[in-house]
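Below is one structure; the comments refer to it alone.
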Number of protein chains: 2
Amino acid sequence: MPGPSISTILPSAIYDELRASILSQVAAPGTTFTESAVALQFGVSRPTAKMAIERLVSEGLLHREVHQAARVPELSRADIVDLFDTRAVVESAAAAKLASEGTVPREALDAHRRIQAGADGDLAYAPLDIAFHRALVTGQPSTRLVRMHSLIMGEIELCIGQVQANHLRTAAEVSAEHQAILDAVGAADPELAARLTRSHVEASRERLLAHVDASGTADSPSRENHR
Amino acid sequence: MPGPSISTILPSAIYDELRASILSQVAAPGTTFTESAVALQFGVSRPTAKMAIERLVSEGLLHREVHQAARVPELSRADIVDLFDTRAVVESAAAAKLASEGTVPREALDAHRRIQAGADGDLAYAPLDIAFHRALVTGQPSTRLVRMHSLIMGEIELCIGQVQANHLRTAAEVSAEHQAILDAVGAADPELAARLTRSHVEASRERLLAHVDASGTADSPSRENHR
DNA sequence: ATGTAGCAGATTGTTTAGCAATCTGGAACG
DNA sequence: CGTTCCAGATTGCTAAACAATCTGCTACAT
């Protein structure tokens with residue numbers, strides 16, 4: 001059930017590792033992944049490497065054109081706008097569905113509490129933030145909405161990593177908005193839950209866009225270490 | 001650009017044919033597709049057949065569990081509800097985006113006019129209806145929304161085929177609602193366009209559900225020919 | 001006669017090897 | 001300096017084969 005549409009099992013190890021390198025910016029935008037290179041690096045056959053790459057491509061974490069090597073995409077400003085807009089559509093719908101039943105998913109509550117607990121320190125809350133939003137969607141009953149969400153979550157992680165790396169939003173700020181969403185869900189107010197979720201997502205988007213506009217043309221990772 | 005995420009080219013011929021057999025009910029729900037059988041039938045190698053099958057699986061037109069043959073799914077009542085709910089979310093968002101620019105896509109207008117033109121006769125409007133809704137989504141600028149939409153359109157086609165086959169809605173009725181949506185888009189009224197789109201989709205859903213509830217437990221295609 | 005254990009067939013998962021088609025970049029030429 | 005062509009690289013696709021796993025049937029014990 002939690003499996004992401006494509007069902008193969010062995011490539012998942014390679015998939016995980018490639019995914020991690022992309023998300024952690026170890027593989028910077030523009031880096032190319034050839035099937036042979038991946039196959040050699042992990043000691044597997046080319047078809048297996050191919051599967052892992054194709055899965056990444058279907059999630060938008062890699063781009064590829066016919067007869068060309070897959071490469072890590074550079075997210076343009078338009079991409080970021082599109083991404084967060086679409087995310088707002090899906091997640092606000094999920095929040096509304098959740099609120100219409102009035103039940104708060106346990107996983108969402110867990111992630112929320114762990115962000116709260118670490119809000120004082122310099123917590124790397126990005127993974128928990130992801131977990132929270134994912135739980136919001138997987139907690140509601142629509143399986144199609146979950147599939148749609150997982151279709152864009154890869155790219156979203158790419159963005160949220162930047163939000164956190166550049167300290168564009170504090171854990172306390174994010175946590176407060178999460179609390180409000182959970183309250184609306186618990187109060188069985190779909191309208192409010194949807195609105196809060198939408199503005200929460202749009203707030204992150206605005207911060208990221210402002211950062212991108214301020215620091216270069218695209219997503220130059222030039223000043224990640226300005227603490 | 002219009003290509004559906006997975007990029008291979010040869011399997012697309014097989015994919016198209018399999019897709020057609022499923023949508024036209026030639027392959028009834030429950031039919032199984034083994035990789036070897038498909039490979040043999042189309043004279044291609046098993047990996048190629050595998051790709052086509054996996055693509056269908058990722059669209060929900062086939063279901064499959066590990067080490068088992070893929071089979072044509074039977075859409076349960078819950079599936080239909082989920083499908084149309086999710087579709088309403090995506091398409092109403094698309095209509096709103098379209099209206100915020102105030103431009104009516106040419107393809108949508110074309111499809112609409114052809115339904116109008118044939119509304120008197122016993123037109124098989126299902127393909128045109130699909131084309132209309134697809135144009136509504138592809139006409140707006142968000143590429144992610146398009147990808148999400150194509151993720152559920154396969155299953156939607158499965159349903160709309162039944163709506164038309166059983167004469168659950170007349171072409172005139174559908175056409176009038178399409179007209180209203182286009183008017184709202186042209187009038188640059190996102191709110192209205194979204195609301196009209198949502199109720200249009202929900203109207204189809206209600207008709208289909210009523211039909212399913214009336215004629216057996218699931219989607220028994222037992223009385224397709226009651227004209 | 002019934003329930004269970006185990007076995008055989010079928011199906012997919014994965015690998016290896018290799019050929020064909022296509023794209024990219026640079027070198028030779030006008 | 002611009003254009004054409006070629007070589008290398010990379011993917012698309014095929015073929016054959018072995019391993020892992022599931023399903024359904026058969027034989028056995030109760």
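Only a predicted model underlies this, so the values are computations on that prediction, with no experimental measurement involved.
- Atom pair A:E54:CD and D:dT11:P shows a separation of 11 Å (rounding to whole Å applied).
- Sorted by first and then second residue, the salt bridge (charged side-chain N to carboxylate O under 4.0 Å, His left out) pairs involving residues 156-166 of chain B (not counting sequence neighbours) are B:R19-B:E157, B:R134-B:E157.
- A straight line from CD of A:Q68 to C1' of C:dA21 spans 14 Å, rounded to a whole angstrom.
- Rounded to whole Å, the distance from CZ on A:R64 to P on C:dT24 is 14 Å.
- When the shell of 6.0 Å around CZ of A:R169 is examined, it contains more than 12 heavy atoms from other residues, nucleotides or ligands.
- Note: CE (A:M51) to P (D:dG12) measures 13 Å, nearest angstrom.
- Atom CG of A:L62 is separated from atom C1' of D:dT11 by 15 Å (rounded to the nearest Å).
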N/O donor to acceptor pairs below 3.5 angstrom from side-chain atoms of residues 93-107 of chain A, sequence neighbours left out:
from: A:K97; atom 1: NZ; to: B:D85; atom 2: OD2; distance (Å): 2.8
from: A:S100; atom 1: OG; to: A:K97; atom 2: O; distance (Å): 2.7
from: A:R106; atom 1: NH1; to: A:D110; atom 2: OD2; distance (Å): 3.3

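- Other residues, nucleotides and ligands contribute over 12 non-hydrogen atoms within 6.0 Å of the CD atom of B:E202.
- Legend: residues meeting ring pair (Phe, Tyr, Trp, His ring centres under 6.0 Å) with B:F84, ordered by chain and number and at least two apart, are absent.
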Atom pairs and distances, donor-acceptor, side-chain atoms in residues 30-38 of chain A, under 3.5 Å, two or more places apart:
from: A:T31; atom 1: OG1; to: A:A28; atom 2: N; distance (Å): 3.2
from: A:T31; atom 1: OG1; to: A:A28; atom 2: O; distance (Å): 2.5
from: A:T34; atom 1: OG1; to: A:A37; atom 2: N; distance (Å): 3.0
from: A:E35; atom 1: OE1; to: A:R46; atom 2: NH1; distance (Å): 3.0
from: A:E35; atom 1: OE2; to: A:K50; atom 2: NZ; distance (Å): 3.3
from: A:E35; atom 1: OE2; to: A:R64; atom 2: NH2; distance (Å): 2.7

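- A search for ring pair (Phe, Tyr, Trp, His ring centres under 6.0 Å) contacts involving A:H133 returns A:H178, A:H200, not counting sequence neighbours.
- Atoms CZ (A:R71) and C1' (C:dC23) sit 14 Å apart, rounded to a whole Å.
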Within the sub-3.5 Å range, which N or O atoms of nucleotides 4-9 of chain D have a protein N or O partner, and how far apart are they?
none

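- Rounded to a whole Å, the CZ atom of B:F42 is 16 Å from the P atom of D:dA15.
- Closest-nucleotide positions on DNA chain D for A:P47 and A:E35 were compared, and the one nearer the 5' end corresponds to A:E35.
- Checking the phosphate oxygens (OP1, OP2) of D:dG12, a side-chain nitrogen or oxygen of A:K50 falls inside 4.0 Å.
- Not a single side chain to side chain donor-acceptor pair (under 3.5 Å) links A:S92 to another residue, sequence neighbours left out.
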Kindly give the atom pairs (protein nitrogen or oxygen, nucleotide nitrogen or oxygen) under 3.5 Å for nucleotides 17-20 of chain D.
from: D:dA17; atom 1: N6; to: B:R46; atom 2: NH2; distance (Å): 3.3

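- For A:L209, the side-chain contact (heavy atoms from CB on, under 4.5 Å) partners two or more places apart in sequence, or in a different chain, are A:R77, A:I80, A:V81, A:R205, A:E206.
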